[in-house]
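Heads up, the thing below is written out as structure tokens.
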Amino acid sequence: MMKQYIEEADNVLMHTYNRFQIVLEKGEGVYLYDMDGKKYLDFAAGIAVFALGYGNNEYNDALKCQIDKLLHTSNLYYNIPSIEAAKKLAKESGMDRVFFTNSGTEAIEGAVKLARKYYYKKHGISDSVIISMNHSFHGRSMGALSVTGTKKYREAFEPLIGGVVFADFNDFNSVKAQICDKTCAIIMEPVQGEGGLYPATRDFIEGVRKLCDEKDILLIFDEIQCGMGRTGKMFAYQQYGVKPDIMTSAKSLGCGVPVGAFAASEKVASAFEPGDHGTTYGGNPFATAAVGKVFDLFEADQVLKKVNETGPYLFDKLEELTKRYDFILEHRGMGLMQGLEFKFPVKDIVLKAMEKGLIIISAGTNVIRFVPPLVISKEHIDEMSDILEQCIKELDL
Ligand SMILES: *Cc1c(COP(=O)(O)O)cnc(C)c1O
């Protein structure tokens with residue numbers, strides 16, 4: 001049965017992914033089940049999405065309730081869930097105004113447009129420049145790809161939008177060297193995700209903030225992967241005590257419902273006027289009912305407190321592994337967003353783990369990425385590290 005579905009998928013879906021050869025059917029807590037009923041401990045959470053775990057009754061009930069009330073209105077009218085969700089996001093992020101989107105990529109598009117509009121309004125010219133980071137990831141649309149610093153994603157699609165230059169992450173002088181009269185914004189992930197789980201250093205992030213303040217350049221933090229509690233604070237920049245002018249969110253923001261957002265300070269957000277940006281679905285009552293409920297459950301279930309207990313526990317476990325095997329080159333990350341860099345591609349380990357009922361994913365070729373549901377327990381972390389070590393021991397080196 002599973003094999004037949006996979007064959008059908010390969011015939012009808014575009015081949016943009018090398019998918020794992022399983023069809024997932026249901027989830028319960030931090031476990032997933034495939035069509036054959038095989039159980040997997042999930043340390044990927046649908047790529048850092050399902051923070052609350054699967055089958056959370058309160059979350060599911062909130063969605064069911066909203067479906068029966070009102071699914072969609074368009075942005076020509078007001079709706080209650082989007083107002084409630086925006087207030088919560090603004091409060092937690094320290095931003096003043098919010099725009100809801102349908103994905104992370106769209107949140108980046110909006111952030112980039114807002115930065116350009118801010119510069120245009122101030123200087124009366126539109127030809128502004130954005131500095132982004134090498135090895136960054138911001139999404140796949142033409143705009144988001146334009147600020148993504150990974151050659152293999154970009155190459156076939158050039159020319160992308162102009163006015164984007166790249167600097168090295170965690171290298172202040174390299175950012176400074178890219179500043180020009182037309183620089184409107186600097187965009188970065190406080191913890192690089194796809195690029196290999198690299199947290200910004202405190203000096204770097206503070207230095208960039210100061211530079212932006214001096215020159216009235218906007219600082220955009222992409223919190224799509226590292227935000228929503230993943231590092232142990234609601235947003236990763238709060239670990240550094242540094243605030244952006246614009247921030248983006250998605251992934252765990254909806255915990256499974258496709259939704260993203262960008263938010264900004266009043267000073268910056270006021271550059272947008274009616275007609276400058278829009279979306280049909282973005283901020284619809286269904287998606288924003290999910291966002292509102294996610295914030296409520298983060299508070300009720302003390303999710304941040306949990307991450308601050310389980311994050312260090314995971315860190316110690318992975319640190320032990322790193323010490324035991326000299327082909328594990330580095331262990332990096334923060335909270336429940338960590339990575340192990342191997343001397344060789346990790347594909348075999350990931351496949352072996354799947355056979356043994358553990359779902360892990362890579363970031364690039366040589367890094368295993370650990371982004372479990374935020375409600376993971378220490379026992380689950382023990383279970384994961386036991387399976388992982390078995391896989392490592394069985395490697396044909
Ligand atoms: C996943 C991701 C995106 C893109 O989000 P989508 O919802 O896939 O469009 C952008 N930035 C970062 C840091 C991400 O991890």
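Read the numbers this way: they start at 1 and go in the same order the structure lists the ligands and their atoms.
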Which protein non-hydrogen atom lies closest to atom 11 (N) of ligand 1, naming both residue and atom, and how far is it?
D222 OD2, 2.7 Å

Before you tell me yes or no, could you show the steps for F204 and F169 under ring pair (Phe, Tyr, Trp, His ring centres under 6.0 Å), namely the whole-Å CA-CA distance, both residues' side-chain angles and the distance that decides it to 0.1 Å?
CA-CA 8 Å; F204 179 67; F169 189 59; 5.6 Å; yes

Intermediate values then yes/no, side chain to side chain donor-acceptor pair (under 3.5 Å), Q192 and H135
CA-CA 8 Å; Q192 285 193 337; H135 306 295; over 6 Å; no

Hey, is T105 touching ligand 1 through its side chain, its backbone, both or neither, going by heavy atoms under 4.0 Å?
both

Judged by heavy atoms only, the candidate from K251, E106, Q225 nearest atom 1 (C) of ligand 1 is K251

Do any nitrogen or oxygen atoms of G139 lie less than 3.5 angstrom from nitrogen or oxygen atoms of ligand 1?
no

Positive for side-chain contact (heavy atoms from CB on, under 4.5 Å) with Y40, one of I359, I360, L358, V30
I359

If you apply the rule ring pair (Phe, Tyr, Trp, His ring centres under 6.0 Å), what do you find for H380 with Y31, and how did you get there?
CA-CA 10 Å; H380 296 129; Y31 291 94; 5.7 Å; yes

Could you tell me which atoms of ligand 1, counted from 1 in the order shown, lie closer than 4.0 angstrom to a heavy atom of G104?
5 (O), 6 (P), 7 (O), 9 (O)

Aromatic ring proximity, centroids under 6.0 angstrom, F286 and H72
no

Proximity winner for atom 10 (C) of ligand 1, if only heavy atoms of E189, H138, E109 are counted:
H138

